[in-house]
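Reading through the structure tokens given below for one structure.
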Amino acid sequence: MSEKENGVSSTALLEAFRAKEYVFSSLAPPNLNLFTRKEMRSYFENAYDLDEGLFSAIKDEKYFYMCPDRLRLPLIFYFGHTATLYVNKLLLAGLIKERVNRSFEKMFETGVDEMSWDDTENYRMGGSYQWPSLSEVMEYRNRVRELVIEVIENAPLTLPVTMDHPWWSLLMGIEHQRIHIETSSVLIRQLPVDYLECPTNWKYAPINSPTPVGPNAFIKVNEGEITLGKPTDFPTYGWDNEYGTKTTKVPAFEATQYLITNKEFFDFVADGGYSTKKYWTDEGWQWVQFRQPKHPLFWVCTDGCKSNCGSTLSDYSHCNNEGHGQKYRYRALYDVIDMPWDWPVDVNYHEAKAYCRWKGAEFRLPTEAEHQIMRGNKPRYSKFDGAILSSEESETNTNLAYGSSTPVNFYKPNSNGFYDVSGNVWECTEDQFDGLPGFKTHYLYDDYSGPSFDGRHNILLGSSWISIGSYSSWFTRSAFRRHFYQHSGFRVARSLSQSSVPPVRQYKMTGFVLGLGITDNFVTIDGISEKELSAPSLNDQFAYDAVETCKDYVVNKMGKLIDQSTSNRSLCGPARAMPGKTALELLKEKKHVFTSLRPPNLSSCTRKDVREYFENTYDLDEAIFTALKDEKYFYMCPDRLRLPLIFYFAHTATLYVNKLLLAGLIKERVNRGFETMFETGVDEMSWDDTENYRMGGSYQWPSLSEVMEYRSRVRELVIEVIENAPLTLPITMDHPWWSIFMGLEHERIHIETSSVLIRQLPVDYLECPTNWKYAPINSPTPVGPNAFIKVNEGEITLGKPTDFPTYGWDNEYGTKTIKVPAFEATQYLITNKEFLDFVADGGYSTKKYWTDEGWQWVQFRQPRHPLFWVCTDECKSNCGSILSDYSHCNNESNGVTNGSTHSKYKYRALYDVIDMPWDWPVDVNYHEAKAYCRWKGAEFRLPTEAEHQIMRGDDPLSSKYSCDPINRKDFHCNFNFAYGSSTPVNFYPANSKGFYDLYGNVWECTEDHFNGFPGYESHYLYDDFSSPCFDGRHNMIQGGSWASTGDLCSRFARYAFRRHFYQHMGFRLVRSLSPSFGTPVKLCDCSAFVLGLGVHSNPVTVEGVDETACFSPSTNKQYVYDDEDLCHDCILNKMGKDVDYGQPLVKYVKEILGSLGAETGSAMVAGCGPGYTSFQLGAMFDSVLGMEFGGRLVDAAIQLQNNGEAVIGDDTVALSCISSPLRTDNVTFKQLTWFPNELEGFDLVLFEFLDRLNEPKGWLRKLWEIVNKKGILIISASDMWTVPVLKQYIGEWFELVHESNVDKIISTWRLKED
């Protein structure tokens, strides 16, 4: 039910929700032999209320949509999830016949069970995923509450309730909810504390015990025997893994009487435990390298440590404990409090295990059997109180006795002398999770336990302070992945008889995980061999997935094994015969030459010139990928914010097809599926963005052979166009052949960016191609001091003449003349040798050298040196997905001797690790370059675009082909693959002004934000190439690199990347000589709104500049339309209380639909604004897509959809202002800067933003692919868009059906008959 229907806003519901007084105490589980309906209802409502009470501390609805843990979904999921399980299980058991809300019961059914700490984040974690509003979820929860109560009150009931009883489903829902009360509390505990307000009745335990905690003595436990397993007739609910029977002999051992306290764990932290590899398992050390922890998660220090949060909270840190006079404080559930040193420490398995190893080789964690025998070996019987602790033991910190841990001696010890074997915190054990002999899954929840019998989950025992219901039972067996955080701690154990094997359950598992393969399960207890591991997993599905079983199955079913390269589903038609050879072998067989041709002269080129330039481009692109040793490496992500390499291998080919089609040079696609899949990559907004779902190993990319077949077909197509398409010279921007050169120069960009990705792959995955040539490490002439060279005041005109006879991107055109005050700059690029001083001086750990954005990046990425330096410390890599735990820095026993100096650093070239080339330019991003400048002194900075251009001393601007140095044969520098690496900074001669490497070697970072010149116009064939980057978040880079070819090397080239982005890029230092005359820095004044992130500020990063002079508006007209004030006025004018907006247009649409008998399956509103028209069309169509380029407008639309109203500045607009019928649940909104190929098959396209586009021509020419053959197109625009004008753009495909002048010019079109 929408809020419009129930009439209650989310804000009001949240206020009422938070105002309710919750009682934080838990009822005991009912006796299933003799309970009453009343008792069951009380137990259910107690669980439901506790679940809601936990969330009542959240101050604002928006915090429900945040991810406190980067590998968990937003909190709203868990708030909805527990209710959906009741419906799903009651329906399966037959207690109900209908669903409450099928879409909710799908959306909230399954969460995220990550395979590793470094998993790709689920796409539902991102801020743009459209979760329902809090009011809708609360309404759903209320309906489920009423439904369950109705079942309890009226469903047939016979006692006892056993596992095959329909009411077992009811108990399953209740106990499942009680589990999530605890796991949700762990997530809430990771939210920023300012987002929470501790509920009235919440009660933390005393920090100190009445009796001081003494030494943590070991208590001996004699040899014994323990029987594990819950009797099947025990009269309380149990999960499937609790049943079965196992009797285990337990050799003598001893264990600490107390859980390990914060005080004890502090010694491990202070002794460098988190930075000492030998204390950690291999898996644990990989986790440390990835997460970079310095102390337990819930300790709060003063160092701004990296948090575990995800999505929009990724840069948040709990560790901002300033002004409290303590190094460490403690994060309780809702508050930060003084450190409770006598409480048990909260850690995961990896941390607990590392502590044991730090204590000594003989120490370990207890096993499941040992922990049970420590409890007192309670007899196993079927009386109701058999799972309830005796009067002596029942006084424990569980069932919310307190809202936190307690001191470890707060409660009495048990009869064996152990404290807290039940309650306080869960205890980590050595045992991997598995069923007991006789294990059977339950039909109502077949995948509850079984998938976790994989060797990757370790058992937790004993429960915690917030464990309630059966979760605090004697029989409970919980388990989580070893990196997982729970309210869990540990105690230390050791065997007393070294000849006796402890009763540990660790087993070999060969379960195959998509994208990960088989993960080894290592023995983690010293002195135990693999032969002493227990039996295989009791999950039969894992047994069927064993390698040999699968091999036999395939052979028996299909007669022979099928090569992976030809077995995948074909997406591009029949593959060419490749007898006996893999696709990669065929790729490597091609003759590859790593040299680049110069761009053709577009005023005189021949078809032969264009074909040779195309084939050189295409061959170079394929050549750099031939170094990959195995096809599987194409499916890995060398950069965590980029897609797998297979995407880029195909992407360049698809662009040719997309642009040639738009230009009219071809009439049909090669493969629409590929041209959709490989059309658009990932342009992340920040270094900590949620990874795109296509990065995960489970995404089904096509095989390498299919992609190669596609590339071959595109090659043939482009050659056919070059040979046969009409050609007139010169080729200018409005010429159809411009699309060919657009494809060529786009591919050359990706040759370079792909090389950056390949350079981040593990070097063992690569084999340097035969013809590859690295530059000499040293120059024939020693590199001297990096002197500053003065540049006198001057004037420079920027911009490429429109008639210049080479291809250019849209941002290169326009004209800007800039006065440049006198300055000086280093003659050389900054070398690796120079940058070493910054590294050695603690540059990466000194906040004052970094911009605010740069320091956030440092905190997130934890770099210690430049990305392509290789040291011995196993530093965190930049890789993604299954490569997240990889480190380049494993340079052990490979010391480099430079004279008498032993260096810890080597250097990652493209395909190899080589000796450190100290005289080569350092490779860094903008943040690192800027930090170096600040380290050198406040007066130092990076050059501006104008300064870099004036340093070059180029010939005066003209339209002559030779005016651009790249077109001259006598121009020499390190670009165009002269070498396959950088060169020493003095390897090539200096220019006339004395500067080296202003062209080539590495790109140079500049201070300027990317923006268009005055007169900028986007090109219709690629409207969103440059303009989305005119946002103040992209900085210019200049000069090209050794891997730059074609337009990338041009004097006119203007490229830009986000400031955290890696390229083959370095920098030189600059300082102003006339500070009073200012600096010609150009910054972009843009307040673009990003969904899920809001507006990022663009602060001035150059000291002493005049902010009024250096900022200019974005030349992206679409950002101007998305301005806060303009959006505010637009929405209020069209949705104000007295305006029934859209009635004429919507009425017109309705009449046209009726008169034409059009189908009403799907509609798209292009330029949907805040969604008012989309909601009205929702009442006419089965589904509606509203697309808009402006983030603010889409955000308003989503607010209206979720809440029935939207807050716009100080005003509020509501859907109630629209009197015509509305529907919101079938409307989807997307923020898009272009019509991607995924948009197709609409029965109606309503085109409303023609007047707001940068370049309408391309959008109009794309429409024929989006509208159904029998669909209709309606264009609503200003009076400049008359029918004759529109016919110039769409008349090739569409014919006019109707025209009207209701408010604007409205024209209706249909596709012409074939």
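Just so it is clear, the values below take in all heavy atoms, side chains as well, and ignore hydrogens, waters and symmetry mates. These numbers come from a predicted model, not from an experiment.
- Without hydrogens or angle criteria, E1188 side chain to G1169 main chain gives a donor-acceptor distance under 3.5 Å.
- No donor-acceptor distance shorter than 3.5 angstrom exists from the side chain of D51 to the backbone of I181, with no hydrogens or angles considered.
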Distance-only donor-acceptor hits, side chain of residues 1158-1166, under 3.5 Å, sequence neighbours excluded:
residue, atom, partner, partner atom, Å
S1162, OG, G1241, O, 3.4

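- Shown here for T84 and H81, the closest heavy-atom pair between the two residues is OG1-O, 2.7 Å.
- In summary, the aromatic rings of Y22 and Y48 are positioned with their centroids too far apart to meet the 6.0 Å limit.
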Derivation of the side chain to side chain donor-acceptor pair (under 3.5 Å) call for N1254 and N1116: CA-CA 7 Å; N1254 286 320; N1116 182 350; 2.9 Å; yes
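- At least one donor-acceptor pair closer than 3.5 Å links the side chain of E105 to the backbone N or O of N101.
- A pairwise comparison of heavy atoms in A1196 and A1206 identifies O-CB, 3.7 Å as the closest pair.
- You'll find the side chain of D1195 stays beyond 4.5 Å of the side chain of Q1231, heavy atoms only.
- Annotation: side chain to side chain donor-acceptor pair (under 3.5 Å) contacts of W168 (sequence neighbours excluded): none.
- Q1201 places a side-chain heavy atom less than 4.5 Å from the side chain of V1227.
- Distance alone, capped at 3.5 Å, places no donor-acceptor pair between the K1117 side chain and the R1252 backbone.
- Side-chain contact between V186 and D69 is absent, with no heavy-atom pair separated by less than 4.5 Å.
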Give the C-alpha distance, both sets of side-chain angles, the deciding distance and a yes or no for side-chain contact (heavy atoms from CB on, under 4.5 Å) between L1244 and V1184. CA-CA 9 Å; L1244 167 69; V1184 177; over 6 Å; no
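- Within the 4.5 Å cutoff, no side-chain heavy atoms of Y63 are placed close to those of P192.
- Of all non-hydrogen atoms in L643 and G681, the two that sit nearest each other are CD1-CA, 3.9 Å.
- A salt bridge links R145 with E52: at least one charged nitrogen is closer than 4.0 Å to a carboxylate oxygen.
- A cation-pi arrangement is found for R141 relative to F79, the charged atom lying closer than 6.0 Å to the ring centre and inside a 45° cone about the ring normal.
- When all heavy atoms of M107 and P132 are compared, the closest pair comes out as SD-CD, 3.3 Å.
- You'll find the side chain of E61 stays beyond 4.5 Å of the side chain of I76, heavy atoms only.
- The closest side-chain donor-acceptor pair between D1023 and W1234, if any, does not fall under 3.5 angstrom.
- Of the N and O atoms on the side chains of S1276 and Y1148, not one donor lies less than 3.5 Å from an acceptor on the other residue.
- Judged as a salt bridge (Lys or Arg N to Asp or Glu O under 4.0 Å), the pairs with a partner in residues 1231-1240 (not counting sequence neighbours) are, in order, R672-E1240, K1230-E1238.
- The CD1 atom of I1266 lies 10.0 Å from the CG atom of L1185; values are rounded to the nearest 0.5 Å.
- A ring-centre distance under 6.0 Å is found for F108 and W131.
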If you apply the rule side-chain contact (heavy atoms from CB on, under 4.5 Å), what do you find for N1226 with D1182, and how did you get there? CA-CA 7 Å; N1226 63 339; D1182 295 337; 5.7 Å; no
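- Between the side chains of S1220 and Q1176, a donor-acceptor pair is found at a separation under 3.5 Å.
- A donor-acceptor distance shorter than 3.5 angstrom exists from the side chain of N154 to the backbone of E150, with no hydrogens or angles considered.
- A donor-acceptor contact under 3.5 angstrom links the side chains of D1251 and S1278, judged on distance only.
- Between the side chain of Y443 and the backbone N or O of A93, no donor-acceptor pair lies under 3.5 Å.
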Start with the C-alpha distance between Y78 and T183, add both sets of side-chain angles, then the distance that settles side-chain contact (heavy atoms from CB on, under 4.5 Å), and finish with yes or no. CA-CA 9 Å; Y78 302 97; T183 56; 5.7 Å; no
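- N1268 contributes atom CG, which lies 10.5 Å from atom CZ of R1310 (distance to the nearest 0.5 angstrom).
- Distance check: Y1172 OH to L1145 CG gives 10.0 Å after rounding to the nearest 0.5 Å.
- Closest non-hydrogen pair, L95 versus S169, comes out as CD1-OG, 3.6 Å.
- Evaluation of the side chain to side chain donor-acceptor pair (under 3.5 Å) rule for Y86 yields Q177 as partners, not counting sequence neighbours.
- Pairs of residues two or more places apart, or lying in two chains, that qualify as ring-ring contact (aromatic ring centres under 6.0 Å, His included) and include a residue from residues 1178-1199 are F1189-F1249.
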Decide side chain to side chain donor-acceptor pair (under 3.5 Å) for S133 and N1202; before the verdict, give the C-alpha distance in whole Å, the side-chain angles of both, and the deciding distance to 0.1 Å. CA-CA 5 Å; S133 68; N1202 290 340; 5.5 Å; no
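- Using a 4.0 Å cut-off between a side-chain N of Lys or Arg and a carboxylate O of Asp or Glu, E109 and R102 do not qualify as a salt bridge.
- Qualifying side chain to side chain donor-acceptor pair (under 3.5 Å) partners for N658, counting only residues two or more places apart in sequence or in other chains: R669, N1237.
- Smallest separation of non-hydrogen atoms from S185 and L54: N-CD2, 3.6 Å.
- Taking the side chain as every heavy atom from C-beta outward, L187 and L191 never approach each other to under 4.5 Å.
- W1309 has its ring centre no less than 6.0 Å from the ring centre of W1293.
- Note: Y445 and H176 have tilted aromatic rings, judged against thresholds of 30 and 60 degrees for the angle between ring planes.
- Here the CD1 atom belonging to I188 is positioned 14.5 Å from the OH atom belonging to Y195, to the nearest 0.5 angstrom.
- In terms of modelled atom types and a separation under 3.5 Å, the side chain of Q1199 and the main chain of V1207 share a donor-acceptor contact.
- Between I152 atom CD1 and W167 atom CH2 the span is 6.0 Å, to the nearest 0.5 Å.
- The shortest side-chain heavy-atom distance between F1175 and L1200 falls under the 4.5 Å cut-off.
- In this structure, OG1 on T1224 lies 6.5 Å from CD on E136, to the nearest 0.5 angstrom.
- Under the 4.5 Å side-chain criterion, counting only non-hydrogen atoms from C-beta, I1274 is not in contact with V1245.
- The pair R178-E182 does not meet the salt-bridge criterion, since no charged nitrogen lies less than 4.0 angstrom from a carboxylate oxygen.
- Between D1243 and K1270 no salt bridge is recorded (no basic side-chain N to carboxylate O distance below 4.0 Å).
- For the pair Q130 (side chain) and T1228 (backbone), a donor-acceptor distance under 3.5 Å is absent.
- Checked by atom type and distance alone, the side chain of Y65 pairs as donor or acceptor with a backbone atom of L134 at under 3.5 Å.
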If you apply the rule side-chain contact (heavy atoms from CB on, under 4.5 Å), what do you find for L1273 with L1246, and how did you get there? CA-CA 6 Å; L1273 165 67; L1246 178 58; over 6 Å; no
